[in-house]
Number of protein chains: 2
Amino acid sequence: MSASRVPINKKATVACNNCSLSDLCLPRGLTKDELARLESAIDKTSKINKKDYLYRRDDPHQAIYAVKSGSIKTSLSTLDGEEQILGFYLPGDLVGFDAFANSKHSCDAQALEDTFVCELNMDSFHELCGSIASMRNGMMRQVGMEIGREHQLLLTLGQMRTEERLATFLTGISERNQSRGFSGREFYLPMPRHDLANYLGMAVETLSRMFSRLQEDGIISVNHRLIEILAPERLKGLGHHQCR
Amino acid sequence: MSASRVPINKKATVACNNCSLSDLCLPRGLTKDELARLESAIDKTSKINKKDYLYRRDDPHQAIYAVKSGSIKTSLSTLDGEEQILGFYLPGDLVGFDAFANSKHSCDAQALEDTFVCELNMDSFHELCGSIASMRNGMMRQVGMEIGREHQLLLTLGQMRTEERLATFLTGISERNQSRGFSGREFYLPMPRHDLANYLGMAVETLSRMFSRLQEDGIISVNHRLIEILAPERLKGLGHHQCR
DNA sequence: GGTAAAGCTTGATCTAAATCAAGCATTCCT
DNA sequence: AGGAATGCTTGATTTAGATCAAGCTTTACC
């Protein structure tokens with residue numbers, strides 16, 4: 001394994017039914033017994049320090065991870081030293097589905113800030129999927145959402161101009177925060193401009209210009225990574241390529 | 001449902017263990033009994049006429065499909081009438097994983113030519129996944145491969161110049177054909193230029209110019225959709241952004 | 001606490017690829 | 001078989017965004 005992973009004292013582990021994320025990341029409708037089995041399967045909580053890797057390409061598939069706090073980026077690295085960022089994972093998101101093809105991770109997962117994750121190890125995962133139908137269905141739903149996010153990103157990279165890419169990204173983050181009970185109007189972006197530009201398929205300078213443009217137009221207010229959405233409807237309106 | 005789907009006489013259905021695709025699309029190591037259950041679950045084979053839809057966005061998730069012959073493209077359509085092609089599916093490929101998020105398809109699937117598919121309906125799918133571990137694992141492997149393909153496409157759209165995009169696409173198709181027992185040197189592309197350009201995120205004219213360039217350089221020979229790879233190593237060498 | 005290193009923004013210039021335009025080939029349809 | 005529509009290629013022109021360059025701010029590190 002690749003990084004300094006500090007397992008937190010087990011006593012400090014939050015039980016699933018007390019975890020504020022349980023309704024986000026876990027299937028509903030488990031019996032008391034099933035929930036207990038799930039809880040005991042989540043065998044540890046880890047801290048990943050900023051810039052450390054949760055896993056790297058070719059690492060064996062040891063677990064599915066739920067982000068409890070902090071944030072993770074996944075990316076592909078090429079031989080010539082470039083990278084393509086594939087996704088950003090915020091609290092409540094599940095990471096690790098990239099290893100289903102051959103039980104090895106197919107991309108890197110790196111912490112953008114100090115991050116805490118729950119781990120559901122793959123042995124337990126398989127056992128639970130085998131014996132609890134709702135667990136299996138919940139996981140499939142999660143995998144489906146992952147595929148859906150990637151489709152959306154393909155649409156973004158393939159069809160949109162740079163301003164529209166940023167606009168749809170920001171409305172996405174905003175709605176996501178809102179649905180998680182945070183503010184959709186004002187939030188911090190966890191990633192540096194460099195990473196966001198890469199994710200959105202443009203140069204850092206272009207991204208910076210687009211931030212400035214949206215600010216000049218009075219649509220958002222930008223203060224480094226703190227973003228305030230001043231005109232959500234206008235921002236959303238910039239996303240012309242919405243799915244039918 | 002959206003299209004004219006002609007179910008083929010059941011007697012003409014090829015049994016799974018005689019199907020030349022079984023080793024491609026089905027998990028290995030089933031017992032005789034399990035194989036029989038799988039075979040009986042694959043309840044029909046359909047023909048989808050060229051340009052008809054196998055399914056459309058928001059259609060209920062009725063089945064997972066295996067392409068037996070022909071080819072399918074999946075795509076997202078936007079309100080302003082644009083589309084982004086997400087994938088091309090050739091014989092031996094499985095289609096339909098886009099509906100896991102909420103049991104509705106999240107993209108369109110259209111036949112590029114007259115196409116035959118096997119259908120594994122979702123009731124059987126769930127039952128088999130619940131009771132046969134190797135079936136479940138095989139499906140997860142397939143889903144993982146799907147995610148891997150999408151990651152590769154994100155890298156292509158996000159990092160590569162147009163010539164490199166085409167070069168990696170062609171080497172990919174070539175290797176894929178080879179591994180399926182077909183010629184990796186000479187093959188027909190099933191999709192029109194328009195679709196390939198969209199998939200690769202460039203204008204048709206640009207795609208056409210890149211085909212011409214590769215031909216002028218003596219790397220490939222192009223005759224409409226018939227492609228001959230003259231210098232596979234040079235073609236592969238154009239793909240600078242290979243994964244570490 | 002001071003210096004170095006990232007991180008971010010803005011401006012000037014350049015270029016890869018889009019768009020516009022036209023013509024030829026192929027397929028589709030009656 | 002004939003005509004229309006679709007598909008493909010090549011050339012000329014334009015442009016969105018990359019690259020190059022510089023300065024300024026914040027964070028990281030002895």
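Below, chain A is the first sequence line, B the second, and so on; all start at residue 1.
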Next on the checklist: Closest-nucleotide mapping onto DNA chain D: is M191(B) or A203(A) further toward the 5' terminus? I mean the 5' end.
Outcome noted: M191(B)
Checklist entry - Between T206(B) and dA17(C), does any side-chain N or O lie under 4.0 Å from OP1 or OP2? => result no
Item to check | Atom-to-atom span, CZ of R213(A) to P of dT9(C) - whole angstrom | outcome: 15 Å
Item to check | Side-chain donor/acceptor of E205(A) to base of dC8(C), under 3.5 Å | outcome: no
Item to check | Any S212(B) side-chain N or O less than 4.0 Å from OP1/OP2 of dT9(D) | outcome: no
Checklist entry - For E163(B) and dA18(C), what is the distance between atoms CD and P respectively, to the nearest whole Å? => result 14 Å
Item to check | Any K50(B) side-chain nitrogen or oxygen under 4.0 Å from OP1 or OP2 of dC28(C) | outcome: yes
Next on the checklist: Counting the atoms with a prime plus P, OP1 and OP2 as sugar-phosphate, which does T162(B) contact under 4.0 Å by heavy atoms, base, sugar-phosphate, or nothing?
Outcome noted: sugar-phosphate
Item to check | Integer-rounded Å distance: dT19(C) C1' and E82(B) CD | outcome: 14 Å
Next on the checklist: Could you tell me if the side chain of E164(A) sits less than 4.5 Å from the side chain of H241(A), heavy atoms only?
Outcome noted: yes
Next on the checklist: Is the distance between the ring centroids of F182(A) and F187(A) under 6.0 Å?
Outcome noted: no
Checklist entry - Given the side-chain rings of H224(B) and Y188(B), with only the six-membered ring counted for Trp, is the space between their centroids under 6.0 Å? => result no
Checklist entry - Is the shortest distance from a Lys or Arg side-chain nitrogen in R213(A) or E216(A) to a carboxylate oxygen in the other one below 4.0 Å? => result no
Item to check | hbond_proxy R193(A) side chain to dT10(C) base (donor-acceptor, 3.5 Å cutoff) | outcome: no
Checklist entry - Would you say dT26(C) has OP1 or OP2 under 4.0 Å from some side-chain N or O of H224(B)? => result yes
Checklist entry - Is there a donor N/O on one and an acceptor N/O on the other, under 3.5 Å, for the side chain of R225(A) and the base of dG7(C)? => result no
Checklist entry - Whole Å only: how far is the CG atom of L196(B) from the P atom of dG7(D)? => result 14 Å
Next on the checklist: In this structure, how many angstroms lie between the P atom of dC8(C) and the CD1 atom of I227(A), rounded?
Outcome noted: 11 Å
Next on the checklist: In whole Å, I'd like the distance from the CD atom of Q159(B) to the P atom of dA17(C).
Outcome noted: 13 Å
Checklist entry - At what distance, to the nearest 0.5 angstrom, does CZ of F97(B) lie from CE of M145(B)? => result 9.5 Å
Checklist entry - Contact class for R161(A) vs. all strands (heavy atom < 4.0 Å): base, sugar-phosphate, or nothing? => result sugar-phosphate
Checklist entry - In whole Å, what is the span from the CG atom of L226(A) to the C1' atom of dC8(C)? => result 15 Å
Checklist entry - K51(A) has an atom NZ; how far is it from atom C1' of dC29(D), in whole Å? => result 13 Å
